[in-house]
Amino acid sequence: GNSVTQMEGPVTLSEEAFLTINCTYTATGYPSLFWYVQYPGEGLQLLLKATKADDKGSNKGFEATYRKETTSFHLEKGSVQVSDSAVYFCALSENTGNQFYFGTGTSLTVIP
Amino acid sequence: NAGVTQTPKFQVLKTGQSMTLQCAQDMNHNSMYWYRQDPGMGLRLIYYSASEGTTDKGEVPNGYNVSRLNKREFSLRLESAAPSQTSVYFCASRLAGSTPYEQYFGPGTRLTVT
């Protein structure tokens, strides 16, 4: 079956620190991978995506590389800001399917 | 272009009451979804509609019904609310096709059942 496993949170970092949020997946086919972000009181927004192995998704300073050999899609940012405080969700979708599979989310708090 | 809209934003129900959560999208998307979000459990799929006229159960369908009223609208009904249905409900939509287009989410409905 399909599933996504994210690192447990919460994560607290100082401003300008380096961020890594781990995500690994299990899939029966060839999925596309996504990172979504949820700010307090809001719905989820797409942060970045990658549709095939070795693709790198990037947006707003965040990056993630689709690693088929390690079934991973870790989220990274070189220098976090207070405004990056949010919950981050890793997700996958099979290329031939309709469903999305989400991780449990990782809460990030960035302190000044 | 409003994207995905949900009504109401907040609702308090007593056990046994019924209600319908409304969702509409103006992006001409084929597929629509209902999720619930609970602390520590991420998003769980309740029902989805791959295209107008079809609906399918997700991971946690018990206690819910859905209607894909037309291409734009997808409603979620709680026939007899229970405290276990206290949650935040999100509607999402996406353009289905050969590429796995991303989902777009509404702002959510926060439901409390007492």
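Note that these values count all heavy atoms, side chains included, but never hydrogens, waters or copies made by symmetry.
- Between the side chains of B:T55 and B:R68, not a single donor N or O lies within less than 3.5 Å of an accepting N or O.
- At a 4.5 Å heavy-atom cutoff, the contact between A:Y36 and chain B is made by side-chain atoms alone.
- In the model, B:Q37 has a side-chain atom that pairs as donor or acceptor with a side-chain atom of A:Q38 under 3.5 Å.
- There is a side-chain donor-acceptor pair under 3.5 Å between B:Y64 and B:Y89.
- Ranked by heavy-atom pairs under 4.5 Å with chain A, the first of B:Q103, B:M41, B:R110 is B:Q103.
- Classified by interplanar angle (parallel below 30°, tilted 30° to 60°, perpendicular above 60°), the ring pair A:Y88/A:F62 is tilted.
- Proximity to chain B (any heavy atom under 4.5 Å) is shown, for A:L44, by both the backbone and the side chain.
- B:E59 does not touch chain A: none of its heavy atoms, backbone or side chain, sits under 4.5 Å away.
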